[in-house]
Amino acid sequence: MTRSLFLYNTRSRRKELFKPLTEGHVGMYVCGPTVYGDAHLGHARPAITFDLVFRYLKHLGYKVRYVRNITDVGHLEHDADEGEDKIAKKARLEQLEPMEVAQYYTNRFNRAMDKLNVLPPSIEPHATGHIIEQEELVKEIMKNGYAYESNGSIYFDVVKYNKDHKYGVLSGRNLEDVHDASRELDGVGEKKHQVDFALWKKAQPEHIMRWPSPWSEGFPGWHCECTAMGRKYLGTHFDIHGGGMDLVFPHHECEIAQAVASQGDEMVKYWMHNNMITIAGKKMGKSYNNFITLDQFFQGTHELLEQPYSPMTIRFFILQAHYRSTVDFSNEALQASQKGFERLMDAVAQLERITPQAQGSLTEAYAEEVNEKCATAMDDDFNSPIVISHLFDVTRVINQLADGQATITAAGLEALKKVVHTWVFDILGLKSEAEGGNAAREEAYGQAVDLLLSLRAKAKAQKDWATSDQIRDELARLGFEVKDTKDGATWKLNK
Ligand code: ZN
C-alpha cells in the first residue's frame, strides 16, 4: 500500500489521490443488473471495469468489501416513476412468479460473469430482501421534511431539497435543466413538482409486487435500494460507488439527495463511472433495442456477428479501452482483440519453455521494470490499455528469448514469470482458453486419473502388485498423490 493510486472522481470532476476512509480497508458499492433479461455487452463493461478495480485494490493489499446489488423490484419501464415494473411485466408476459424471473436471470447473469472471469462480489444483496431498510430510509427523509405523501405514494421534494442543499452536484445539471428535460407523463399530477421522484409507490390493484408500509401497500422507488443497502453493508460513509455513466442522472444524483436528506451528509467519497458501449455510434442497451447478449457473442448467433467471440476476447476487448472512454462495437475491433489476446497468451505459454542462461543479458531488473511500468499505468486511474501495451512489449522480448536473440538469467526468468502471471491472470483477470478452456481440460485429466486408478484396483484384485505399484509411482512422479482408503483410492494433485 505504498503506491499512490489516483482515480477520477465524477463528484469532483478530477483525478484524486485515493485515500480510504479506514486504513487498509475499502468499501465499494456497484449498481448491479436489473434481472429481467439476458446480460448484454453493455452489462459486461461495468462488471469488468469494477472487477479490475476490485482485483487491483486487492493486489495493493487492501481488504475490499465489494457489494454489487441485484435489482429485482422498483425499476419501472421508463426509468422514471411511471410504467410497469420491468420484472413484473416479464412475469406477466411469461406467466411466472416475478421472483422466478429474477432468479432465472440472476443465475444466467452470474454464469455469464463466471465465463468472463469476473470475480463474485463479497455481498450480492437483493432489493426485495431489503424492503424494511428502504422503508426506514423513507421515514428518515420524511422526518427531515424532504418528502411528502400523495395518494399513498411518497415523493422526494427536490425543490425544497435544492433550497437547503444543492441538487445536481454529481451530474452538473441545475434544477431548471431538469425541469425542461422531464417529460409530461401520466400521473405526475400526484407530485408537487415534475422533478420530484418516488421513494415509495402505492401499488395499483393489478400490480403483483407489493409490500405493506405505513403509507400503502406498494413498493420502493428504484433509487432507494442502493442508498439503503450501501449503508447497511458499508456504513454511513464508504469509499467507492460505481456504475455506468448512464446512472449518473437520475439514479446516482437521487442517491446523493437521499443520503443528504436522511443522514445530513453524503455517503460516498469517490464516484466512479464507466463509459458506454456504442454500436454504430449509439449507446447499446435494452431501451435502444440494439443490444447483443453475451451468449449471442459466445455462440456467434446474432445477425451483426461475423463469428463467435470467446469470453476472454470480450474481456480483452473491454480492457483494451480505458474505462472512461467509449467503446464502439465492430467485428473488426473484436477480431483485432482476439488476435491480440491470443498473441499475449501464446507468449505467456512460451515463457514456460525458455531455458535460462548463466550469463543472460536480462535479469530480475527487467521484471521489476515491467512491473513498475504496469503499476504506474494502473495508478493513473486504472489505465488498462497502457498496461496491455507494456505486456505486448514483453511478448516481443519473450519471442526474442525463444529465438535466442536475447538471453535471461534463471532468477530473471522466475521474476519475469511471476510479474507476467500477476498482471495477466491476477489483475487483468485473463485466462487461457486453449483446447476448450481449462475447466474442460481439467475435467478430462481427472477422468484419466480415475481410469488409471480403476486399472490399479483391478491389478491389486489380481494380486499384480508390480502393475499396481507402477501406476501409483508413475502418478506420484507426475505430482498426483494417491491415498489408499478402505473404499478404494483417492488422489490429489500436488502443484
Ligand atoms: Zn444503484
Side-chain angles (χ1 to χ4, degrees), residues 9-11 27-37 39 42-47 49-51 53-54 65-81 85-87 102 105-106 109 113 118 121-131 133-138 141 156 167 169-171 197-201 219-263 266-276 285-287 323:
N9 190 348
T10 315
R11 176 74 176 81
M28 175 162 88
Y29 189 100
V30 173
C31 293
T34 303
V35 281
Y36 70 108
H43 291 106
R45 192 150 195 214
T49 297
F50 293 100
D51 186 50
V53 172
F54 185 33
R65 185 180 295 164
Y66 174 18
V67 181
R68 188 185 64 209
N69 67 295
I70 295 285
T71 296
D72 52 3
V73 67
H75 198 164
L76 303 187
E77 268 197 291
H78 307 295
D79 284 3
D81 296 330
D85 183 287
K86 291 184 179 191
I87 289 161
Y105 288 110
T106 302
F109 176 78
M113 293 303 113
V118 167
S122 328
I123 306 176
E124 197 172 45
H126 290 238
T128 53
H130 298 79
I131 301 292
E133 288 82 353
Q134 296 181 71
E135 289 188 18
E136 287 305 309
L137 175 74
V138 176
I141 297 171
F156 191 98
Y167 184 75
V169 287
L170 187 68
S171 60
F197 58 90
L199 295 171
W200 184 264
K201 288 281 281 182
F219 55 94
W222 172 37
H223 312 305
C224 287
E225 60 177 280
C226 296
T227 307
M229 296 191 289
R231 184 165 68 175
K232 174 162 176 137
Y233 296 112
L234 299 172
T236 51
H237 300 91
F238 60 88
D239 301 294
I240 298 174
H241 192 322
M245 218 173 238
D246 53 339
L247 295 179
V248 170
F249 189 88
H251 187 49
H252 291 162
E253 195 71 78
C254 293
E255 278 192 44
I256 290 180
Q258 291 172 160
V260 174
S262 62
Q263 67 180 36
E266 292 184 31
M267 240 172 231
V268 177
K269 189 168 180 191
Y270 306 96
W271 284 92
M272 289 182 68
H273 294 94
N274 63 275
N275 213 319
M276 298 292 103
K286 277 227 158 53
S287 11
Y323 75 92

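Reckoned from all heavy atoms, side chains included, excluding hydrogens, waters and symmetry mates. Start at 1 and go down the list; that is how both ligands and their atoms are numbered.
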(request) Kindly report the SG-the Zn ion (ligand 1)-SG angle for Cys226 and Cys31 respectively, rounded to 10°. (result)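 Centred on the Zn ion (ligand 1), the SG/SG angle is 120° (to 10°).
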(message) For N/O/S atoms only: which one belongs to His251 and is nearest the Zn ion (ligand 1)?
(response)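 So the atom name we want here is NE2.
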(message) Can you tell me if, anywhere in His223, an N/O/S atom lies at a distance from the Zn ion (ligand 1) that is smaller than 2.8 Å?
(response)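 Within the cut-off used here (under 2.8 Å), His223 places no N, O or S atom near the Zn ion (ligand 1).
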Which label fits [X] and [Y]: parallel for a plane angle under 30°, tilted from 30 to 60°, or perpendicular past 60°?
X      : Y      : result
Tyr233 : His130 : perpendicular
Phe238 : Tyr29  : tilted
His251 : His223 : tilted

(message) Would you say that Leu137 contacts Arg231 through its side chain, given a criterion of any heavy-atom pair below 4.5 Å between the two side chains?
(response)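 Leu137 vs Arg231: side chains touch.
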